[in-house]
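Written below as structure tokens is the structure these notes are about.
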Amino acid sequence: MSPEPVEGSAVDSPAVDVLIPTFGRPTALAVTLAGVAAQTHRSLRVIVSNQDHAAFPDEVLAVAGVLRAQGRIVELAHHLPRRGMAEHRQSLLDRATAPYVLFVDDDVVLEPDLVARLVAAIARERCGFVGSALLGWSFVGDVRPAEQSIELWTGPVVPERVVPGSPAWERHRLHNAANLVHVARRLDPPRWPPRLYKVAWVGGCVLYDARVLREAGGFEFWRELPESHAGEDVLAQLRVMARAGGAGLIPSGAWHLELPTTVSDRRIDAPLALPIETPG
């Protein structure tokens with residue numbers, strides 16, 4: 001087994017911009033930031049974009065202070081008015097300057113080596129994204145063998161065109177409940193070097209090659225969607241995957257706080273409403 005790489009501490013030109021869109025979850029956001037603060041990967045900047053009119057609460061400011069005390073750059077900003085999740089994500093991408101961008105939802109707990117493993121995997125594969133599917137601890141006792149099919153990448157990650165209704169689309173079932181926990185326990189994959197598997201998409205914690213994401217159009221399709229929509233991350237990943245490939249990381253290392261969604265109106269699903277092909 002290869003050892004975990006030794007990482008630098010420079011933050012002047014961070015290798016990863018951690019982008020966190022948030023709305024109405026101050027305590028969960030503080031938990032998420034605490035997970036970022038625990039990361040062994042030192043070369044990162046954190047950008048939080050809040051669509052709540054309220055000021056950032058003390059618990060968020062306190063953890064942001066911890067990150068700054070570590071020498072990490074933290075930007076806390078408000079982004080209003082609300083124009084939907086795709087526009088919110090695009091506004092974060094527009095602020096990013098690092099070669100890699102890690103989109104993390106505001107209700108996710110990250111294991112300490114997760115960013116390091118994601119960076120190692122995407123740098124090795126030179127693909128469009130590597131994601132860590134969210135694990136639901138309350139479902140650990142809920143074993144679903146019919147949803148635990150997994151296709152490991154045994155060679156280089158290559159572009160794939162995945163569309164709704166295709167056989168590859170069914171891969172999303174692996175990310176239900178705690179399926180990935182059970183599969184990881186069965187396969188016992190090493191943490192180093194990182195192991196990857198084929199995905200339809202990954203929700204909640206995804207590291208992109210920023211250049212590839214932008215070349216695939218990013219989330220600029222927000223202008224083609226109504227304000228109330230879902231699946232913007234899915235559509236962006238499908239377009240990136242068709243251009244440069246994408247993968248999931250096993251074991252994941254991203255745990256879901258299992259809070260109710262803040263996106264209640266899901267009648268418009270981006271990958272069903274817009275074309276999958278990448279622009280340009």
Side-chain angles (χ1 to χ4, degrees), residues 1 4 20-40 59 63 85 102-118 121 129-154 162 164 167-207 230-231 233-234 237 246-264 266 269 271:
M1 181 185 300
E4 179 178 346
I20 307 176
T22 188
F23 172 72
R25 287 174 168 168
T27 301
L29 174 61
V31 172
T32 300
L33 288 173
V36 176
Q39 292 303 301
T40 60
E59 59 265 37
V63 184
M85 276 303 304
L102 176 63
F103 275 94
V104 181
D105 286 356
D106 61 358
D107 59 347
V108 178
V109 179
L110 307 180
E111 294 181 3
D113 66 347
L114 179 53
V115 174
R117 292 195 297 129
L118 288 169
F129 72 84
V130 177
S132 290
L134 304 188
L135 310 172
W137 180 252
S138 71
F139 292 93
V140 166
D142 181 2
V143 182
R144 307 179 183 186
E147 296 183 348
Q148 293 180 10
S149 175
I150 187 170
E151 302 172 75
L152 295 174
W153 282 103
T154 57
V162 177
W169 188 257
E170 294 304 304
R171 297 171 184 165
H172 76 87
R173 299 184 186 280
L174 177 62
H175 295 166
N176 290 343
N179 289 330
L180 203 59
V181 174
H182 302 139
V183 172
R185 287 176 175 175
R186 184 178 77 240
L187 299 180
D188 193 24
R191 300 183 80 85
W192 295 96
R195 293 299 304 276
L196 301 176
Y197 64 96
K198 299 180 181 182
V199 297
W201 72 85
V202 183
C205 181
V206 181
L207 180 72
D233 51 344
V234 177
Q237 287 174 44
L249 186 70
I250 183 169
S252 167
W255 293 87
H256 193 210
L257 292 179
E258 301 185 59
L259 300 177
T261 180
T262 58
V263 182
S264 56
R266 295 177 172 268
D269 193 1

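The first residue in the sequence is number 1, and the count goes up from there.
Rounding to the nearest 0.5 Å places CG of Leu135 at 7.5 Å from CD of Glu111. Here the CD1-NZ distance, from Ile150 to Lys198, works out to 11.5 Å after rounding to the nearest 0.5 Å. To the nearest 0.5 Å, atoms CD1 (Ile250) and CZ (Arg195) are separated by 8.5 Å. Atoms CG and CZ, from Leu207 and Phe103 in turn, are 11.0 Å apart once rounded to the nearest 0.5 Å. Between the CG atom of Asn179 and the OG atom of Ser149 there is a distance of 10.5 Å, given to the nearest 0.5 Å. In this structure, CG on Leu196 lies 10.0 Å from CZ on Arg117, to the nearest 0.5 angstrom.
Of all heavy-atom pairs spanning Ser132 and Leu114, the tightest one is OG-CD1, 3.1 Å. Summarising the geometry of Gly131 relative to Leu118, their closest heavy-atom pair is C-CD2, 4.2 Å, with the distance given to 0.1 Å. In terms of heavy-atom proximity, Asp113 sits nearest to Trp192 at OD2-NE1, 4.1 Å. Minimum heavy-atom separation, Ala133 to Leu180: CB-CD2, 4.0 Å. The two residues Ala200 and Ala168 come nearest to each other via the heavy atoms CB-O, 3.7 Å. Of all non-hydrogen atoms in Val199 and Ala247, the two that sit nearest each other are CG1-C, 4.0 Å.
For the pair His175 (side chain) and Leu134 (backbone), a donor-acceptor distance under 3.5 Å is absent. Between the Gln39 side chain and the Val115 main chain, a donor and an acceptor come within less than 3.5 Å of each other.
Ring planes of Trp201 and Trp169: tilted class, angle from 30 to 60°.
Applying the side-chain contact (heavy atoms from CB on, under 4.5 Å) test to Asp107 and every residue at least two apart in sequence or in another chain returns Arg25, Ala28, Asp105, His256, Leu257, Leu259.
The stretch residues 133-142 participates, sequence neighbours left out, in these side chain to side chain donor-acceptor pair (under 3.5 Å) pairs: Ser138-Glu258, Asp142-Arg144.
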For a side-chain contact (heavy atoms from CB on, under 4.5 Å) check, start with the C-alpha distance between Thr262 and Met85, then their side-chain angles and the critical distance, and finish with the verdict.
CA-CA 10 Å; Thr262 58; Met85 276 303 304; over 6 Å; no
Apply side-chain contact (heavy atoms from CB on, under 4.5 Å) to Tyr197 and Leu174, showing your working.
CA-CA 11 Å; Tyr197 64 96; Leu174 177 62; 3.6 Å; yes
Intermediate values then yes/no, side chain to side chain donor-acceptor pair (under 3.5 Å), Arg266 and Thr261
CA-CA 11 Å; Arg266 295 177 172 268; Thr261 180; 3.1 Å; yes
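Between Val234 and Gln237 the shortest side-chain heavy-atom distance does not fall below 4.5 Å. Between Asp233 and Val206, the closest side-chain pair of non-hydrogen atoms is not below 4.5 Å.
Trp255 pairs with exactly one of Leu110, Val181, Val108 by the side-chain contact (heavy atoms from CB on, under 4.5 Å) rule, that one being Val181.
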